[in-house]
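What follows is a short report on a single structure.
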Amino acid sequence: MSARRHKIHVPCTSANIGPGFDVCGIALSLGLDLVVTIPSSSTSSTPSPVLPKIIYTGLDSDNVPLSPYKNLLTRVALYVLRSHGISTFPSGVIIEAHNEIPFGRGLGSSGAAVIAGVLLGDLLGSLNLPKSRLLDFALMVERHPDNVTAALMGGFVGSYLRELSPEDMSAASIPLAEVLPEYPPDAGPDWGANPPLPPGGIGHYVRFGWAKEIKAIAVSPRFELATAKARGVLPESYTRKDLIFNLQRLAVLTTALARSPPDPDLIYDAMGDRVHQPYRMTLIPGLPKILTTLTPTSHPGLLGICLSGAGPTILALATHNFDQIAEEIQRIFKEETIDVDWNVLDIDERGSWVEELKEG
Ligand SMILES: Nc1ncnc2c1ncn2[C@@H]1O[C@H](COP(=O)(O)OP(=O)(O)O)[C@@H](O)[C@H]1O
Ligand SMILES: N[C@@H](CCOP(=O)(O)O)C(=O)O
């Protein structure tokens, strides 16, 4: 039987970059790849459609549910299909996922899975949605824009959620449990009511420049910290002083990271934060020492250092001396008896893409 095969690539992301909590993200050179095989005769109106077969390799592949009704990728794809009136997957699809993004470390694994799921839904339904519309679906699932926008668009991005009209607000306020419901294992094409389409243009974004000399050192402790837990420790309100502290730095940082050669004196302080990092220190032993011990003077080449996303990964931006910087962070974590893995990553300017694979 002949089949169409496509590759979907989604990069990992580091969100916040210090002061840009829930605003900024950069796409980096570790990825989630899917190879999707769709039998040519496959439609979702086949009388007894065969559910997708999911195969995982790579990082954390033992921890992923392989039922399409439980796996995040396929649940997101099904949301995209169902909101377009296509109530089930086409029959006999095979999804081979290869993952390089560690789960629960602050490198946007869930954001990447959500984007991969949206692209999968678009592909399986032959919907041909533009990237701006794909972002609306991703934002209905992952409701902070920083990771998903960077993963989809690539590069260094800033984003915000638009203030919606009352009508759009009600369409966008659907609980997550309705967007990604708990499907029973025997859910068939007639299961439940299809969710509505999201409003258009929920997220707005801009791409900033990125100086070509800057690489990102990601030092990941070998323990998981669920983003939901790390959001749970944040306060409901902030002082004017702390907000101004972050806004001043964010305004400078977005331009400073685009300037060549980058200025460590400007960037190091501009990566300071008082909105999320101070509250997350209790969850990440070693974080206070790491943020104060490494400076551009103690470690030439270092530009700035922050928590990657919700942590526990540390992100150090640097132009050289990558190994020495990573080894010092590793040493401080070791004092806390925490082992780490580290990677020197490039910025991924392309973002997510889908390509048809030709035979041979
Ligand atoms: N490729 C994937 N396929 C399926 N589920 C995934 C994938 N990547 C991440 N997830 C889910 O997302 C969870 C991690 O999300 P989260 O706590 O937001 O951490 P992160 O900082 O890595 O995004 C994982 O435990 C897993 O349930
Ligand atoms: N702005 C969010 C980013 C979460 O990123 P993740 O990679 O840890 O999922 C936050 O800081 O909570």
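Numbers here simply count residues along the sequence, with the first being 1. Just follow the structure's listing: the first ligand is 1, and inside any ligand the first atom is 1.
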- Item | same_hphob_cluster(Ile94, Val50) at 4.5 Å side-chain heavy-atom cutoff | no
- Heteroatom proximity flag, Gly104 to ligand 1, N/O under 3.5 Å: yes
- Count the heavy atoms belonging to other residues, nucleotides or ligands that lie under 6.0 Å from CZ of Arg259, then report whether that count exceeds 12. no
- Query: Tell me, which protein residue and heavy-atom name are nearest atom 2 (C) of ligand 1, and how many Å apart are they?
  - Reply: Tyr56 OH, 3.5 Å
- Message: Residue-level breakdown please: for Ala15 versus ligand 2, do any non-hydrogen atoms fall below 4.0 Å on the side chain, on the backbone, on both, or on neither?
- Response: side chain
- Starting from atom 5 (O) of ligand 2, which protein heavy atom do you reach first, and at what distance in Å? Asn147 OD1, 3.1 Å
- First locate atom CG of Leu302, then atom OG1 of Thr295, and finally report the distance between them rounded to the nearest 0.5 Å. 7.0 Å
- Message: Please confirm whether Gln277 approaches ligand 2 to less than 4.0 Å, judged on its heavy atoms.
- Response: no
- Query: With backbone taken as N, CA, C and O and side chain as the heavy atoms from C-beta onward, which portion of Ser109 lies under 4.0 Å from ligand 1: side chain, backbone, both, or neither?
  - Reply: both
- Message: Which label fits Trp353 and His9: parallel for a plane angle under 30°, tilted from 30 to 60°, or perpendicular past 60°?
- Response: parallel
- Item | Side-chain donor/acceptor of Asp136 to backbone N/O of Gly201, under 3.5 Å | yes
- Message: Test of understanding: given a 4.0 Å heavy-atom threshold, classify the contact between Asp22 and ligand 2 as side chain, backbone, both, or neither.
- Response: both
- Message: Quick one, Arg249 with Asp273, criterion salt bridge (Lys or Arg N to Asp or Glu O under 4.0 Å). Give me CA distance, side-chain angles, the key distance, then yes/no.
- Response: CA-CA 8 Å; Arg249 279 158 185 75; Asp273 161 68; over 6 Å; no
- Message: Can you tell me which portion of Asp60 lies within the under-4.0 Å heavy-atom range of ligand 1? Options are side chain, backbone, both, or neither.
- Response: neither
- Item | Closest approach of any protein heavy atom to atom 6 (P) of ligand 2, naming residue and atom | Thr227 OG1, 3.7 Å
- Is there at least one pair of N or O atoms, one from Asp146 and one from ligand 2, spaced under 3.5 Å apart? yes
- Query: Under 3.5 Å between some N or O of ligand 2 and some N or O of Asn16?
  - Reply: yes
- Flag if over 12 foreign heavy atoms under 6.0 Å of OH, Tyr205: no
- Query: Is it the side chain (CB and beyond), the backbone, both or neither of Thr227 that lies under 4.0 Å from ligand 1, heavy atoms counted?
  - Reply: both
- Query: Do ligand 2 and Ser308 have nitrogen or oxygen atoms that lie under 3.5 Å from each other?
  - Reply: no
- Message: Suppose I only count heavy atoms of Gly309 and a 4.0 Å limit; which atoms of ligand 2 are within that range?
- Response: 5 (O), 8 (O), 11 (O)
- Query: Between Leu59 and Ile101, is any pair of side-chain heavy atoms under 4.5 Å apart?
  - Reply: no
- Would you give the length of the straight line joining atom CG of Leu51 to atom CG of Leu66, rounded to the nearest 0.5 angstrom? 13.0 Å
- Query: Which atoms form the tightest heavy-atom contact between Leu250 and Gly20, and what is the distance?
  - Reply: CD1-CA, 3.8 Å
- Message: Looking only at protein heavy atoms, which one is nearest to atom 24 (C) of ligand 1, and what is the separation?
- Response: Phe103 CD2, 3.6 Å
- Among protein heavy atoms, which lies nearest atom 10 (C) of ligand 2, and at what distance? Arg231 NH1, 3.2 Å
- Item | Subset of ligand 1 atoms that lie under 4.0 Å from at least one heavy atom of Ala226 | 17 (O)
- Message: Taking only non-hydrogen atoms of His144, do any sit less than 4.0 angstrom from ligand 2?
- Response: yes
- Report the C-alpha distance between Arg231 and Asp22 in whole Å, list the side-chain angles of each, state the deciding distance to 0.1 Å, and finish with yes or no for salt bridge (Lys or Arg N to Asp or Glu O under 4.0 Å). CA-CA 11 Å; Arg231 291 178 82 79; Asp22 276 4; 2.8 Å; yes
- Message: Taking the six-membered ring of Tyr79 as reference, does the cationic atom of Arg75 (NZ for Lys, CZ for Arg) lie under 6.0 Å from its centre and within 45° of its axis?
- Response: no
- Item | Whether Gly108 lies under 4.0 Å from ligand 2, heavy atom | yes
- Item | Numbering as shown, the atoms of ligand 1 that approach Leu32 to under 4.0 Å (heavy-atom distance) | 1 (N)
- Item | Protein contact to atom 21 (O) of ligand 1 [nearest heavy atom, distance to 0.1 Å] | Gly106 N, 3.1 Å
- Which atoms of ligand 2 sit under 4.0 Å from any heavy atom of Arg280? 10 (C), 11 (O), 12 (O)
- Query: Would you say Ala310 contacts ligand 1, with heavy atoms under 4.0 Å as the rule?
  - Reply: no
- Query: Under 4.0 angstrom from atom 27 (O) of ligand 1, is there any protein heavy atom?
  - Reply: no
- From CA spacing to verdict: salt bridge (Lys or Arg N to Asp or Glu O under 4.0 Å), Glu335, Lys289: CA-CA 11 Å; Glu335 288 176 354; Lys289 188 163 179 189; 2.8 Å; yes
- Between Arg105 and ligand 2, find which residue part has any heavy-atom pair under 4.0 Å and reply side chain, backbone, both or neither. neither
- Give a yes or no on whether the backbone of Ala211 and the side-chain of Ser260 come within a donor-acceptor separation of less than 3.5 Å. no
- In Å and rounded to the nearest 0.5 Å, what is the CZ to NE2 distance from Phe137 to His84? 4.0 Å
- Considering only protein heavy atoms, which is closest to atom 15 (O) of ligand 1, and at what distance to one decimal place? Ser110 CB, 3.3 Å
- of all protein heavy atoms, closest to atom 8 (O) of ligand 2 is Ala310 N, 2.9 Å
- Query: If you take all heavy atoms of Ile325 and Gly301, which pair is closest and at what distance?
  - Reply: CD1-C, 4.3 Å
- Message: Suppose we measure from atom 11 (C) of ligand 1 to each protein heavy atom; which comes out shortest, and what is that distance?
- Response: Leu72 CD2, 4.0 Å
